[in-house]
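Start at 1 with the first residue, then count along the sequence. Since this is a predicted model, take the numbers as computed values, not measurements.
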Amino acid sequence: MRAVQLTLVVPCYNEEQRLDLDAFRNFHAGSDQVGFLFVDDGSRDGTRRLLQANGFDVLGLDRNVGKAEAVRRGIVAAIDRGADVVGFWDADLATPLAELPLFLDIMRERPAIEMVYGARVRLLGRTISRQESRHYFGRVGATLISRTLGLAVYDTQCGAKLFRVNDTIRQLFATPFLSRWIFDVEILARFVKARGRDAAARAIYELPLRAWKDVQGSKLRSTDFLRALRDLWRIRAAYKR
């Protein structure tokens with residue numbers, strides 16, 4: 001079976017003090033199937049200089065456009081470079097890179113799967129460390145998201161996702177998202193609208209992570225939950241069938 005070539009987009013905004021460059025470097029050295037594309041989202045610190053000085057592939061944005069647009073532009077660039085699979089991964093490595101081979105195994109072994117979403121599920125034998133407040137807010141949000149999409153999706157907001165490149169996936173990222181806060185949900189809403197709910201559900205795989213942890217320095221605030229609710233309403237209105 002031909003190896004899957006993956007380009008993983010890593011959005012960065014003022015991450016100079018949090019980037020574990022050794023983790024990215026060591027993982028890349030151990031795999032010729034995975035390339036990283038760091039998108040510097042108009043950082044005001046030394047993030048871009050740090051990445052460039054260490055020889056990483058960087059797409060630099062002149063101004064801060066937000067994570068949703070930074071990811072979208074990175075995915076478009078990765079597709080244009082000819083990757084078989086594209087995806088994005090949070091720069092703080094809340095999801096360890098050691099989880100990535102499991103994502104790739106799904107893509108290799110199940111050709112009908114077009115998206116793999118990491119899911120933070122608290123199960124025995126796994127290490128999922130989340131703040132209690134975020135966990136419970138997340139479960140409420142996940143229930144609302146599932147009902148909005150009509151999909152039995154457990155966790156849309158984990159920052160670890162892969163997409164098999166095809167015409168539909170290209171179209172999902174062709175235009176800017178309505179939402180700056182829950183664009184992950186909007187990706188699914190676009191997919192459902194393009195494919196139909198049943199076909200979309202068969203093409204998405206949620207992978208329970210073995211490990212995930214909250215990392216200090218997160219840019220999320222308590223008011224972001226209210227912004228996410230507003231954006232969920234906008235997504236529902238824009239993509240209802």
Side-chain angles (χ1 to χ4, degrees), residues 1-11 23-39 57 59 68 70-91 93-121 123 126 128 149 151-174 183-212:
M1 183 181 297
R2 187 175 73 87
V4 172
Q5 297 299 315
L6 164 68
T7 297
L8 200 62
V9 171
V10 183
F24 288 104
R25 186 183 293 108
N26 293 338
F27 189 91
H28 186 265
S31 175
D32 59 0
Q33 300 174 35
V34 179
F36 295 107
L37 174 59
F38 291 84
V39 181
D57 192 3
L59 174 62
V71 166
R72 190 190 72 82
R73 293 189 193 183
I75 293 289
V76 169
I79 291 173
D80 288 345
R81 296 180 185 189
D84 300 315
V85 175
V86 295
F88 59 92
W89 212 265
D90 281 347
L93 297 182
T95 305
L97 288 172
E99 299 294 284
L100 183 54
L102 299 179
F103 286 67
L104 283 170
D105 286 345
I106 298 298
M107 286 295 191
R108 277 192 295 263
E109 297 167 5
R110 303 183 62 168
I113 297 299
E114 298 176 52
M115 299 184 184
V116 182
Y117 269 44
R120 298 163 293 184
V121 186
L123 298 170
R126 298 173 188 265
I128 307 298
L149 296 172
L151 296 174
V153 60
Y154 181 86
D155 184 5
T156 60
Q157 300 312 111
C158 177
K161 297 178 174 67
L162 297 189
F163 307 89
R164 192 184 305 277
V165 176
N166 55 36
D167 288 343
T168 301
I169 297 300
R170 289 186 180 91
Q171 287 302 310
L172 298 188
F173 291 93
F183 70 97
D184 319 67
V185 178
E186 192 169 351
I187 292 170
L188 293 178
R190 290 181 177 189
F191 194 52
V192 168
K193 191 171 183 65
R195 289 290 181 81
R197 188 165 286 107
D198 291 343
R202 290 192 296 270
I204 302 166
Y205 188 96
E206 283 197 279
L207 178 64
L209 300 174
R210 296 173 302 183
W212 190 92

Validation row: [X], [Y] side chains within 4.5 angstrom (heavy atoms):
X	Y	result
L188	I204	yes
M115	I187	yes
Q171	D167	no
L100	L162	yes
F88	V10	no

Once rounded to the nearest 0.5 Å, what's the spacing between atom [atom1] of [X] and atom [atom2] of [Y]?
X	Y	atom1	atom2	value
Y205	E109	OH	CD	9.5 Å
T95	R120	OG1	CZ	7.5 Å
D90	W212	CG	CH2	8.5 Å
L172	R72	CG	CZ	12.0 Å
I79	T7	CD1	OG1	10.0 Å
S31	N26	OG	CG	13.0 Å

What is the minimum heavy-atom distance between [X] and [Y], and which atoms define it?
X	Y	value
R210	L102	NE-CD1, 3.4 Å
Q157	V185	OE1-CG2, 3.5 Å
L151	A201	CD2-CB, 3.9 Å
A78	L37	N-CD2, 4.4 Å
L97	P101	O-CD, 3.5 Å
A194	T168	CB-CG2, 4.1 Å

With a 6.0 Å cut-off on the ring centroids, do F163 and F173 count as close? yes
When the ring centroid of F103 is compared with that of W89, is the distance short of 6.0 Å? yes
Between Q5 and V34, is there a donor-acceptor pair closer than 3.5 Å when you use the side chain of the first and the backbone of the second? no
Using the rule given for side-chain hydrogen bond (donor to acceptor under 3.5 Å, both in side chains), can you reason through R108 versus Q33, listing the C-alpha separation, both sets of side-chain angles and the distance that settles it, and then say yes or no? CA-CA 12 Å; R108 277 192 295 263; Q33 300 174 35; 3.2 Å; yes
Below 4.0 angstrom, N of the basic side chain to O of the carboxylate: do K161 and D184 qualify? yes
Using the ring of each side chain (for Trp, its six-membered ring), is H28 parallel, tilted or perpendicular to F36, with breaks at 30° and 60°? tilted
